Protein chains: 2
Amino acid sequence: MKQTATSSSIEDYVKVIYAFTEWQDKPITSSVLATRLGVANSSVSEMVRKLKDLGLVDHEPYSPIHLTAEGLSLALSMVRRHRLLETYLVQELGYTWDEVHDEAEQLEHAVSDHFIERMSAKLGHPVRDPHGDPIPDAHGNITMAPSHRLDELDPGHTGRISRISDHDPELLRHLESLGIGLDTQLTVVGRPRFGAGLQVRLDLSENDAGPQTLGDEVAASLWLASVGRHADCTVQELTGGSLMSPHSAQ
Amino acid sequence: MKQTATSSSIEDYVKVIYAFTEWQDKPITSSVLATRLGVANSSVSEMVRKLKDLGLVDHEPYSPIHLTAEGLSLALSMVRRHRLLETYLVQELGYTWDEVHDEAEQLEHAVSDHFIERMSAKLGHPVRDPHGDPIPDAHGNITMAPSHRLDELDPGHTGRISRISDHDPELLRHLESLGIGLDTQLTVVGRPRFGAGLQVRLDLSENDAGPQTLGDEVAASLWLASVGRHADCTVQELTGGSLMSPHSAQ
DNA sequence: GCAAATATTTAGGCTTACCGAAATCATAGG
DNA sequence: CCTATGATTTCGGTAAGCCTAAATATTTGC
């Protein structure tokens with residue numbers, strides 16, 4: 001696998017393009033990419049041309065952007081870096097799960113491959129980060145248990161939270177304060193009413209810091225329903241029928 | 001202590017200016033700074049003007065460059081970062097002492113203060129890095145045992161290697177192969193002959209991987225004499241008279 | 001003390017990555 | 001089918017940090 005010389009900007013572009021298609025299939029457009037990166041549309045046009053010249057993306061003017069095999073490989077290596085770093089920060093340096101994202105965002109561009117592999121070894125080669133996201137191995141292969149968007153779970157079914165996006169530290173702190181974390185069990189008790197919302201009951205058998213009031217449980221439902229719809233949070237089903245499995249990368 | 005917004009270039013300039021005066025008093029000139037940073041003289045002129053505008057250095061055209069109090073504070077914080085990172089890489093991630101310099105060089109610009117303090121705590125707040133260099137505390141204070149340049153030790157006196165520069169990984173590997181490391185004891189047996197060299201006898205009582213032949217010992221003498229003269233290696237005296245103590249920063 | 005050698009700064013340019021404004025393409029509604 | 005609207009690209013510019021070459025200041029040797 002040949003290594004194109006990359007800058008941290010290039011790495012960020014490729015990572016965001018990949019992230020957009022990690023939990024659904026629609027390819028990313030120029031303007032969405034601009035929004036996610038916090039840059040102007042014109043900056044994206046220029047950079048995408050450069051990424052195309054480097055062989056990292058396929059792109060025809062006025063069309064969505066796709067990673068090439070080489071681009072995917074770079075993206076997966078950045079995702080591996082990010083998620084291993086997050087795991088390391090939590091397990092070895094006592095960070096909380098809402099503190100790790102920004103630190104990892106900086107470090108992922110600075111550490112060497114050697115550093116990454118030492119870290120992975122020290123952690124016992126983990127396959128899931130503190131938010132439940134899968135960690136690709138050094139070859140870009142992803143091992144992942146099947147999971148679903150929260151709103152795909154039918155009422156009456158029980159699931160275990162298998163993934164929560166690390167992008168919003170405030171959301172993470174809020175969930176924490178409600179006693180909700182990775183592997184928290186919940187049961188869907190009601191379908192969306194009035195066009196929004198999804199009611200879940202939290203199963204707190206093994207969690208003593210859970211919601212103290214019914215109000216908390218309602219608030220939790222709203223948050224989870226919202227992030228569930230955006231695939232920012234997924235669940236692993238523990239009872240009931242089989243749903244579609246998410247696409248697996250590479 | 002107010003924090004000027006810094007780039008990694010600025011951090012490197014300030015660090016090199018500081019490093020030049022760490023083991024001797026002469027201030028650094030424009031061209032030496034350029035050589036150490038691997039940039040053109042003209043680049044230094046521009047950047048020094050900028051550093052002056054930022055209040056990090058004092059400088060009159062065509063004169064040497066001095067750090068201001070604020071510049072010194074920034075430099076010490078970068079030195080702290082570098083040396084803590086080196087220590088961490090060796091102690092927690094199994095790096096060898098010749099591998100850490102380049103990695104730390106990248107990381108020191110990327111990690112947060114929070115990261116640095118977690119690392120320091122995990123290591124038990126060390127005051128010396130794997131090469132023997134002192135690690136400033138979070139306020140920039142340095143704790144250091146008095147040490148001397150190797151060529152300041154008189155014949156017959158015994159010393160313990162207290163510091164070896166991390167800048168040349170090849171030198172470090174060479175010394176390692178001769179069984180020479182931090183805390184290796186040596187006795188000066190002869191003064192420079194023919195205008196160069198300094199003869200030392202290595203005291204290998206507690207070192208089983210030492211030089212096997214007289215040739216090795218001679219080679220070791222030459223290396224040590226050479227790095228000793230440049231203050232790239234210092235010794236702590238174990239016997240004999242008192243020499244001048246190095247200047248202490250801040 | 002002055003000319004030659006050396007050190008330093010200034011001048012003009014390059015690259016990367018960004019921006020806003022203007023031009024161009026694509027598509028949805030009538 | 002054809003125009004209005006929105007998405008995308010192109011165009012001219014900026015800032016940081018680097019470069020070479022030219023100009024200027026300092027130091028050294030005689």
Side-chain angles (χ1 to χ4, degrees), chain A residues 3-21 26-67 71 74-75 78 105-106 108-110, chain B residues 3-18 20-21 24 26-67 71 74-75 78 105-106 108-110:
Chain A
Q3 293 292 48
T4 311
T6 62
S7 65
S8 74
S9 285
I10 289 175
E11 291 169 354
D12 281 338
Y13 275 80
V14 166
K15 200 180 56 161
V16 170
I17 296 169
Y18 171 77
F20 189 79
T21 43
K26 208 169 22 133
I28 198 169
T29 63
S30 199
S31 48
V32 171
L33 186 46
T35 302
R36 302 246 171 155
L37 286 163
V39 301
N41 289 335
S42 55
S43 305
V44 170
S45 281
E46 278 179 34
M47 186 57 108
V48 166
R49 180 157 13 90
K50 180 175 196 171
L51 295 178
K52 188 178 176 185
D53 291 346
L54 290 171
L56 296 171
V57 303
D58 288 328
H59 181 238
E60 294 311 315
Y62 299 97
S63 303
I65 300 143
H66 295 266
L67 290 175
L74 174 59
M78 295 313 296
E105 198 82 357
Q106 293 300 123
E108 66 193 13
H109 305 298
Chain B
Q3 293 293 44
T4 311
T6 62
S7 65
S8 73
S9 284
I10 290 175
E11 290 169 354
D12 280 338
Y13 275 80
V14 167
K15 200 180 54 160
V16 170
I17 295 168
Y18 172 78
F20 189 78
T21 44
Q24 48 85 279
K26 208 171 20 136
I28 198 167
T29 62
S30 200
S31 49
V32 171
L33 185 46
T35 303
R36 302 246 170 153
L37 285 164
V39 302
N41 289 336
S42 55
S43 305
V44 170
S45 282
E46 281 179 33
M47 185 59 106
V48 166
R49 181 158 12 90
K50 180 176 195 169
L51 294 178
K52 188 180 176 184
D53 292 347
L54 289 171
L56 296 170
V57 303
D58 288 329
H59 181 239
E60 295 310 315
Y62 300 98
S63 303
I65 300 144
H66 294 267
L67 290 176
L74 175 59
M78 295 314 296
E105 199 81 357
Q106 292 299 122
E108 65 193 16
H109 304 298

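Chain naming here is simple, since letters A, B, ... match the order of the sequence lines and numbering starts at 1 in each. The structure displayed is predicted, hence computed values, not measured ones. All heavy atoms count here, side chains included; hydrogens, waters and symmetry mates do not.
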Phosphate oxygens OP1/OP2 of D:dT8: is one of them under 4.0 Å from a side-chain N or O of A:S31?
yes
At a heavy-atom distance below 4.0 Å, what parts of residues 34-47 of chain B sit against DNA chain D?
B:G38, B:V39, B:A40, B:S42, B:S43, B:E46, B:M47
If you assign each of B:S9 and A:Y62 to its closest nucleotide in DNA chain D, which residue comes earlier from the 5' end?
A:Y62
Can you tell me how far C1' of D:dT9 sits from NZ of A:K52, to the nearest Å?
13 Å
How close or far is atom P of C:dT9 from atom CD1 of B:I65, stated in whole angstroms?
7 Å
Taking every non-hydrogen atom, the tightest pair across B:V16 and B:R36:
CG1-CB, 3.6 Å
Looking at A:L67, A:L33, A:V57, which one forms a side chain to side chain contact (heavy atoms under 4.5 Å, CB included) with A:I28?
A:L33
d(CD, A:E60; C1', C:dC25) in whole Å:
14 Å
Checking contacts here: which listed nucleotide (C:dT8, D:dG17, C:dC18) is nearest the side-chain heavy atoms of B:K50?
D:dG17
Sequence neighbours excluded, which residues qualify as side-chain contact (heavy atoms from CB on, under 4.5 Å) partners of A:A19?
none
Distance check needed: D:dA16 P versus B:D53 CG, whole Å only.
11 Å
Roughly, in whole Å, what's the span from CZ in A:R49 to C1' in C:dA17?
13 Å
Value in whole Å for how far the P atom of C:dA7 lies from CG of B:L33
15 Å
Of B:L56, B:V44, B:T6, which is the lone residue that meets side chain to side chain contact (heavy atoms under 4.5 Å, CB included) with B:Y13?
B:V44
From NE2 of B:H109 over to P of D:dA16, roughly how many Å is that when rounded to an integer?
18 Å
Does B:Y13 place a side-chain N or O at less than 4.0 Å from the phosphate oxygens OP1/OP2 of D:dC18?
yes
Quick check: closest heavy atoms across B:H66 and B:P27, and the distance to 0.1 Å?
CE1-CB, 3.5 Å
Separation of D:dA16 atom P from B:I10 atom CD1, nearest Å, is 9 Å
How close do A:Q106 and B:A110 get, heavy atom to heavy atom, and via which atoms?
CB-O, 3.6 Å
Where do A:T29 and A:I65 come nearest, in terms of heavy atoms and distance?
C-CD1, 4.1 Å
